[in-house]
Amino acid sequence: MGWVVHGKKRYFYRSRRIAGRAVNEYVGSGLVGEAAASAIAQRRAHRTAEAENCRVELARLDAAAEPLMVLCSGADLLSRAALVLAGYHQHDRGEWRRRRNGKHTHDQTG
Amino acid sequence: MANTPTTKPAERLTEDEIRQLVQRAEQGDVSALPALRTLLDESPAVWQQYGDLALQSECSLIRLVAGQNGMMSECLVRKLATMKAELAGASPSPLERLLAERIAACWLQTAYFDAVIAQSGGVSPVKAAELRQMQDAGHRRFLSGARTLATIRKLLRPVPSALDLLSQPVAETNGRARSQRFRLDALAGRGDNN
């Protein structure tokens, strides 16, 4: 919630979540309020920096894995092509089965 | 409207075009089969392209894992080469070689994530969850690659004939000639009455 001004004085409140409800808790005014506000700002800056570091690190991992993703996708595709060409089909996203005689492939060009 | 066979050279097909060809073939369109056959059997450029990609992904992962450590980088290169040779086996097809390269690269990525997670004691819960998710995805890719190689080996390798089996050397030290004669007798339907 932060600073609240009543008349000529400022009062510092902090917002907390207790049992799922947001609760504003009075901390103090003057030096006490300043100290609490400063500590909260520092914690927030630290969390932001940590999140940024995390984002950069994960982006680095993603970038390093990018060629592998393309390789996996291509290898899967070529394997699939080879199996289809050999007369197999994938049953229900599971095992590869050979097509029965007469049900191999039918020409759709005609 | 009938599907017209593609007229583009097979080595210039994009991944999406190959995927469409495979889908057409899976749905029973035989006009897609010649292009697929050309792609797999007569287009070395395709295998070259994916081979380069495998090398690229390997280099990228080694750089990630080893960083500036040249010794570790060299060890990883050798380890991956050994693993690929073992996985591909003797006289592998281009597809088997590609799958072996894929599995080796996936193994390196998985091992890296395992190590990172083991050392990630003080990281934030959000980052830890992201890392675990990446580790799980890496494991799935690794297992999927191994399964695909096993399927390809099982279904597409030519079955050796009885004569091929008989002509293969047997790793026996004693009585080799006798056991070979016994197998020849068994094939000819003669019992060993001695």
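Model, not experiment: these values are computed from the prediction. All heavy atoms count here, side chains included; hydrogens, waters and symmetry mates do not.
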**OP:** Apply side chain to side chain contact (heavy atoms under 4.5 Å, CB included) to the pair B:R102 and A:D76, showing each step before the final yes or no.
**Re:** CA-CA 10 Å; B:R102 174 205 165 153; A:D76 277 341; 2.7 Å; yes
Original post:
Going through the distances and angles, do B:L131 and A:L61 end up as a side chain to side chain contact (heavy atoms under 4.5 Å, CB included)?
Top reply: CA-CA 10 Å; B:L131 283 174; A:L61 295 179; 3.8 Å; yes
**OP:** Any chance you could lay out the side chain to side chain contact (heavy atoms under 4.5 Å, CB included) test for A:L78 and B:V46, step after step, and finish with the verdict?
**Re:** CA-CA 10 Å; A:L78 292 178; B:V46 172; 4.3 Å; yes
Original post:
Given B:E26 and A:H89, is the side chain to side chain contact (heavy atoms under 4.5 Å, CB included) satisfied, shown in steps?
Top reply: CA-CA 7 Å; B:E26 281 178 326; A:H89 74 283; over 6 Å; no
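Of the two parts of B:R141, only the side chain, counted from C-beta on, holds a non-hydrogen atom closer than 4.5 Å to a non-hydrogen atom of chain A. If you measure heavy-atom distances from B:E15 to chain A, the contacts under 4.5 Å come from both the backbone and the side chain. Looking at B:L36, both its backbone and its side chain come within 4.5 Å of chain A, counting heavy atoms on both sides. Looking at B:C59, neither its backbone nor its side chain comes within 4.5 Å of chain A, counting heavy atoms on both sides. For a residue to count as touching a neighbouring chain, one of its non-hydrogen atoms must lie under 4.5 Å from one of that chain's; by this rule A:E66 does not touch chain B. For a residue to count as touching a neighbouring chain, one of its non-hydrogen atoms must lie under 4.5 Å from one of that chain's; by this rule B:L155 touches chain A with backbone and side chain alike.
The CG atom of B:L149 sits 8.5 Å away from the OG atom of A:S79 when rounded to the nearest 0.5 Å. Taken from CE in B:M134 to CG in A:L58, the straight-line distance is 5.5 Å, to the nearest 0.5 Å. B:S60 OG to A:L68 CG: the interatomic distance, rounded to the nearest 0.5 Å, is 8.5 Å. For the atom pair SG of A:C72 and CZ of B:F142, the computed distance is 11.5 Å after rounding to the nearest 0.5 Å. For the atom pair A:M69 CE and B:L53 CG, the distance stands at 12.0 Å (nearest 0.5 Å).
Other residues, nucleotides and ligands contribute over 12 non-hydrogen atoms within 6.0 Å of the CD atom of A:Q90. Heavy-atom neighbours of B:K79 NZ from other residues, nucleotides or ligands within 6.0 Å: at or below the threshold of 12.
Between chain A and the options B:C106, B:G138, B:S93, the largest number of non-hydrogen pairs under 4.5 Å is found for B:C106.
Residue A:A75 comes nearest to B:L95 through the heavy atom pair O-CD1, 4.5 Å, listed as atom of the first residue, atom of the second, then distance. Shortest non-hydrogen contact noted between B:L40 and A:A81 is CD1-C, 3.8 Å.
Contacts between residues 39-56 of chain A and chain B, counted as heavy-atom pairs separated by less than 4.5 Å, involve A:E50, A:C54.
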